[in-house]
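Structure first, then comments.
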2 protein chains.
Amino acid sequence: MKTNKFMAIYQDLSGKIKSGELQRNSTIPSEHELAEIYGTSRETIRKALTLLAQNGFIQKIKGKGSIVLDVEKLNFPVSGLVSFKELAQNLGKPSRTTVHKFGLLQPDRFLMSQLQAGSKDEIWEVIRSREIDGEKIILDKDYFLKKSVPLLTKEIAENSIYEYLEKTLHLKISFAKKEIVVEDCTEEDKLYLDLENFQHIVVVRNYVYLDDATLFEYTESRHRLDKFRFVDFARRGH
Amino acid sequence: MKTNKFMAIYQDLSGKIKSGELQRNSTIPSEHELAEIYGTSRETIRKALTLLAQNGFIQKIKGKGSIVLDVEKLNFPVSGLVSFKELAQNLGKPSRTTVHKFGLLQPDRFLMSQLQAGSKDEIWEVIRSREIDGEKIILDKDYFLKKSVPLLTKEIAENSIYEYLEKTLHLKISFAKKEIVVEDCTEEDKLYLDLENFQHIVVVRNYVYLDDATLFEYTESRHRLDKFRFVDFARRGH
DNA sequence: AAGTGGTCTAGACCACTCT
DNA sequence: GAGTGGTCTAGACCACTTC
């Protein structure tokens, strides 16, 4: 990511945990030792270790040390803010995206409330189905505020919109509120997905915010019941 | 929680945000100012603000300041590691817990793998249904390693097991891996829940770890489709 | 008593935003 | 240029675990 010292240390250590160089259930060097090894202050080491703990790589134990957790726990398919493209690559399965609808529209009441938009804000609508292993199992309905995303094309939608937003437009996605519920299938779901006989569908609603805390995207990701899986790593207290 | 300086500042500020004393979309005092106000160093203020940001209270913007986010976003029903009792209190609805099974047992193959237990580890089994607004909509199947939880009673299971674990046994729950999937209803689900005609059920599997990184509990929380809702707040990158 | 992580300090320099 | 948050330092004291 960035070139911070603590980020570099975080990536070095997380890499060593993933590769097995630092074995699970073993303790890593103490903070004082790491400070010497990396030639930094202890607070900088602590920043890196706090990150490792938050992301499930290690557990810090007072008076004892930091031990390496099972990285097998890191099957984070839908956790955080990963995109479909990253997800499919993680699964390593053949996948395909089909764009069914693409265009600019004036928001209706529903979209105005979801995107906190005014009636004269234009909105990009992108509706895509996702095919994995030959089955269309995810329907993604994305809505972007045009004032945040001036230009979007069907070609971009066929690849990764997020890659475009971050690498070309340099938008900084900062945080998101996610909601998961189960709803009745709609006609649209039946039209675009291989639904078999399922009557319900898992709906993941995402409200995505930029760096400056402005809402710029509302997404509905609609997953066929049997193919949905959400994994999360949560720490108590915070 | 604790009596740390940064924790006290966190709780003071988060309280002021919840109460509306610090208004949403306004900027809070700068870190230097806060350091003077609270009579601490800036790094201590930063720890408190980092916590606020992680929990969705504020957004920090470089060069500008920290602005207060919509706290309406804090409907975190199942997010993190909250227990049913906390959840029901949040919802403010009449709720009831019924214990259907309670006892010690030897683990079968399934439990041995879920709890990383040996064949001679004894395990507490607690099966409870949760009734909200007069409908039995959640089936909780809890399994605790006896070596971590020496004693458990039916009376405790009828109230809050987590309160007992934390306040009486002083176990420190540290982190959990959570998995959400949808599965076919079992006979057990039909027996204990008011399932109406739903053929599927949302299953939340929880693997809960203590302070010293030992796994001590496996839980299946089985929710009726139409009553399930999961809300999460996620930050990008970390 | 020695070693560990947890907290806190008083400074410093940087990149960024706003004027 | 002034103010902001982001990073980093070199120390200090504490509570905890282990011996």
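Atoms considered below: every heavy atom in the structure, side chains included; atoms not considered: hydrogens, waters and symmetry mates. In what follows, chains carry the letters A, B, and so on, assigned in the order in which the sequence lines appear, proteins first and then strands, with residues in each chain numbered from 1.
Ionic pairing of Asp121(B) and Lys147(B) is present here: one or more N-O contacts between side-chain nitrogen and carboxylate oxygen are shorter than 4.0 angstrom.
Rounding to whole angstrom units, CG of residue Asn4(B) and P of dC13(D) are separated by 19 Å. Atom NZ of Lys62(B) and atom P of dT7(D) are 7 Å apart (whole Å). One can place CD of Gln54(A) at 12 Å from P of dG6(C), the figure rounded to the nearest angstrom. Atom pair Glu33(A):CD and dA2(C):C1' shows a separation of 13 Å (rounding to whole Å applied). Atom-to-atom, CD1 of Ile45(B) to P of dG3(D) comes out at 19 Å; the value is rounded to the nearest Å. Between Asp212(A) atom CG and dT4(D) atom C1' there is a gap of 16 Å when expressed in whole angstrom units. Nucleotide dG6(D) holds its C1' atom 16 Å from the CG atom of Leu34(B), rounded to whole Å. Distance CD1 (Ile9(B)) to P (dT9(C)): 8 Å, rounded to an integer number of Å.
Across all non-hydrogen atoms, the minimal contact from Tyr164(A) to Leu151(A) is OH-O, 2.7 Å.
Along DNA chain C, the nucleotide nearest Lys64(A) and the nucleotide nearest Glu43(A) are compared for position; the residue whose nucleotide lies closer to the 5' end is Lys64(A). Take the nearest nucleotide of DNA chain C for Gly65(A) and for Lys5(B): the residue whose nucleotide is more 5' is Gly65(A). Along DNA chain D, the nucleotide closest to Lys172(B) and the one closest to Thr40(A) are compared, and the more 5′ of them pairs with Thr40(A).
The aromatic ring centroids of Phe175(A) and Phe233(B) lie less than 6.0 Å from each other.
Contact annotation for Ile61(A): backbone-only contact, meaning every heavy-atom pair under 4.0 Å involves sugar-phosphate atoms and none involves a base.
Relative to the side chain of Glu31(A), the nucleotides dT4(D), dG5(C), dG6(D) differ in distance, and dG5(C) lies closest. Relative to the side chain of Arg46(B), the nucleotides dG5(C), dT7(C), dG5(D) differ in distance, and dG5(D) lies closest. Side-chain proximity of Thr44(B) to the nucleotides dG6(D), dT9(C), dT9(D) is greatest for dT9(C).
The phosphate of dG3(D) (OP1 or OP2) has no side-chain N or O of Ser30(B) nearer than 4.0 angstrom. The side chain of Lys47(B) contributes no N or O atom lying less than 4.0 Å from OP1 or OP2 of dC8(C).
A donor-acceptor contact under 3.5 Å links the side chain of Arg42(A) to the base of dT7(C).
Using a distance-only test at 3.5 Å, with no hydrogens or angles considered, no donor-acceptor pair links the side chain of Trp124(B) to the main chain of Lys146(B). Counting only distance, with no hydrogens or angles, the side chain of Thr168(A) and the backbone of Leu165(A) share no donor-acceptor pair below 3.5 Å.
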